[in-house]
There are 2 protein chains.
Amino acid sequence: MTLSAATGGYSPPVPRSSPPAISLAVDLVILTIRDGKLNVLLIERGKPPFRGRLALPGGFLEDGEDLDEAAIRELGEETNIEGRNLHLEQLRTYAAPGRDPRGRVVSVAYLAIAPDLPPPVAGSDAAASRWMPVGGHGPLAFDHDEILAHGVERARAKLEYSPLAAAFCEEPFTIADLRSVYEVVWGVALDPRNFHRKVNSVGNFVVPTGERRQPRSGRPAALYRRGQATVLHPAMLRPTKP
Amino acid sequence: MTLSAATGGYSPPVPRSSPPAISLAVDLVILTIRDGKLNVLLIERGKPPFRGRLALPGGFLEDGEDLDEAAIRELGEETNIEGRNLHLEQLRTYAAPGRDPRGRVVSVAYLAIAPDLPPPVAGSDAAASRWMPVGGHGPLAFDHDEILAHGVERARAKLEYSPLAAAFCEEPFTIADLRSVYEVVWGVALDPRNFHRKVNSVGNFVVPTGERRQPRSGRPAALYRRGQATVLHPAMLRPTKP
DNA sequence: GCAAAAGTGTTAATGTTACACCCATGT
DNA sequence: ACATGGGTGTAACATTAACACTTTTGC
């Protein structure tokens, strides 16, 4: 955001108005890849507002809970993630007045990346909960279209310089599995040969297990696990269009 | 964040506890460069808690206000920014229970980048408000050390792939001014010759005004304004140590 | 053998680094 | 003339991109 500060200048120190009553919620953008498409977990709202509309899973913060704890709890309520490693990061906070007709609801959005998960379970507020291809759903409840767009944008950007792509893969995985993540999330085709070398030249991005996996046809592929790298050197740069 | 989900599995749909009373605040990490050092705007708290301690400027959200609006308002109260362009972006939200002894205060942190600004004005909660070199101050109030660290880290990272560095510069600026930003924020020395070419090879990072500025001694330097680019291609990569 | 997918080699284009050298100015 | 920063040239090196080619499997 860049602004041409139009705030009308200096305001003298005055007592603040008493803060309005606020509810704090956590909403989750949970992404995975299913059938070669980027999918997001959506719920069908079982009660007003936006009854029957699709929405991101989420819920209100409980007493004494920190944001990460609430996000993990909601994740557990919406999906079967016991014992799995997954990526979870805070995305952004949304507080526009009127974004929730029930009143002043501030939502802290989280981005979660998971391998293809078992079918989700029904959540508390949810009449139904299911994976949907991103873009293959109507408008979402509240400002969730905007939140989802931010989440997808963040994921696309982080593929370049972080090992996030590996979070989409069930371990162990092949280089082709990993390449498919990049291709699906970025919506581009990558050269398998160059991709293979590039991934292996990045320090600690993936580590070979020594095992192999037989594809439907063709030479067996080496298997890998996620490495310890938190940033990629060099980065996996997105191909430039022109 | 990567976690080994230890949430104990599925929780049945239960009515949520009524949300606790929450106050929503906006805190600002305002960075600038003064005397060749990265500086942050801090206030000395005029009342408890943490009376007399340094803290990030900030305040509570007012009725009907969105987060960006509150951040801009606070910025106007703490600094003289009328008519200036500056960079402002949401950083992260902090809600750990106990982070504020007054109760459940959730803080949405913003990162602002500005050219060397005139001396700040006294804010509402502030006994004093001043620029301090980052690191050259004691521990801050609340969890503001953590927030500041996140802000600085974000700024360092964004110098690489965004034109953020130019937000530190008063327009018009020279290439050497811009280089100084990178050197100060990253804490490294850069080759002036290579830097010059690199900046000019990045599309729309800076645009020449056609004017020149005379340094204390030496050849006059060409002047530039910020370009329209939002991402840098190619990126201004940080030198690798080894 | 053939198809299919994995993986290696090679080369040209592009980007990065180090540093020699020239330019324009004040003293 | 000399010091001081601004700016260009150039060659070694690294990274990327395009694609020919080899490997290992199932049928």
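Throughout, a chain's letter reflects where its sequence line sits, starting with A, and its residues are numbered from 1. Values below: every heavy atom of this structure, side chains too, minus hydrogens, waters and symmetry copies.
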Given atom [atom1] of [X] and atom [atom2] of [N], what is their separation to the nearest angstrom?
{"X": "Asp177(B)", "N": "dG5(D)", "atom1": "CG", "atom2": "P", "answer": "14 Å"}
{"X": "Phe195(B)", "N": "dT8(D)", "atom1": "CZ", "atom2": "C1'", "answer": "17 Å"}
{"X": "Arg179(A)", "N": "dG7(C)", "atom1": "CZ", "atom2": "C1'", "answer": "11 Å"}
{"X": "Leu178(A)", "N": "dG7(C)", "atom1": "CG", "atom2": "P", "answer": "12 Å"}

Show me the side-chain donor-acceptor pairs of residues 211-218 of chain A shorter than 3.5 Å, one per line, residues at least two apart or across chains.
residue, atom, partner, partner atom, Å
Arg213(A), NH1, Asp177(A), OD2, 3.1
Arg213(A), NH2, Pro172(A), O, 2.9
Gln214(A), NE2, Gly218(A), O, 2.8

**Report entry** End-to-end axis angle, where each axis spans five pairs of the helix from dG1(C)-dC27(D) to dT27(C)-dA1(D), to 10°
**Finding:** 10°
Report summary line: The contact string for nucleotides 17-27 of chain D, one letter per nucleotide 5' to 3', using protein heavy atoms under 4.0 Å with B, S and - for base, sugar-phosphate only and none, comes out as BBBBB-BBBS-
Query raised in the report: OP1 or OP2 of dG7(C) less than 4.0 angstrom from a side-chain nitrogen or oxygen of His196(A), does that happen here?
Result: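 Affirmative; the distance criterion is met.
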Which pairs, protein N/O on one side and nucleotides 12-14 of chain D N/O on the other, fall under 3.5 Å?
none

Report task. Only pairs at least two apart or in different chains count here, so list each side chain to side chain donor-acceptor pair (under 3.5 Å) that has a residue in residues 189-202 of chain B. Result -> Asp191(B)-Arg193(B), Asn194(B)-Arg197(B)
Query - Ion pair Glu69(A)/Arg73(A), N-O distance below 4.0 Å - result: no
Query raised in the report: Can you name the side chain to side chain contact (heavy atoms under 4.5 Å, CB included) partners of Ala71(A), sequence neighbours left out?
Result: Val26(A), Leu28(A), Leu88(A), Tyr110(A)
Report task. With sequence neighbours left out, write down each residue that passes side chain to side chain contact (heavy atoms under 4.5 Å, CB included) with Arg156(A), or none if nothing qualifies. Result -> Val152(A), Val185(A), Trp186(A), Arg238(A)
Report task. Measure the shortest side-chain to side-chain distance between Thr174(B) and Leu223(B) over non-hydrogen atoms and say whether it is less than 4.5 angstrom. Result ->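 With C-beta onward as the side chain, the pair touches.
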Query - Where at least one partner belongs to residues 136-151 of chain A, residue pairs that pass salt bridge (charged side-chain N to carboxylate O under 4.0 Å, His left out), sequence neighbours excluded - result: Arg99(A)-Asp143(A)
Query raised in the report: Which pairs with one or both residues in residues 217-229 of chain B pass salt bridge (charged side-chain N to carboxylate O under 4.0 Å, His left out), sequence neighbours excluded?
Result: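 Qualifying pairs, neighbours excluded: Glu171(B)-Arg226(B).
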Query raised in the report: Taking only residues two or more places apart in sequence or in another chain, which ones pass ring-ring contact (aromatic ring centres under 6.0 Å, His included) with His150(A)?
Result: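 His150(A): ring-ring contact (aromatic ring centres under 6.0 Å, His included) contacts with Tyr94(A).
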Query raised in the report: With sequence neighbours excluded, what pairs up with Phe195(B) under the ring-ring contact (aromatic ring centres under 6.0 Å, His included) test?
Result: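 Expected list: Tyr182(B).
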Query - Where at least one partner belongs to residues 158-177 of chain B, residue pairs that pass ring pair (Phe, Tyr, Trp, His ring centres under 6.0 Å), sequence neighbours excluded - result: none
Requested in this report: Answer with base, sugar-phosphate or nothing: what part of the nucleic acid does Arg213(B) contact at a heavy-atom distance below 4.0 Å?
Outcome: nothing
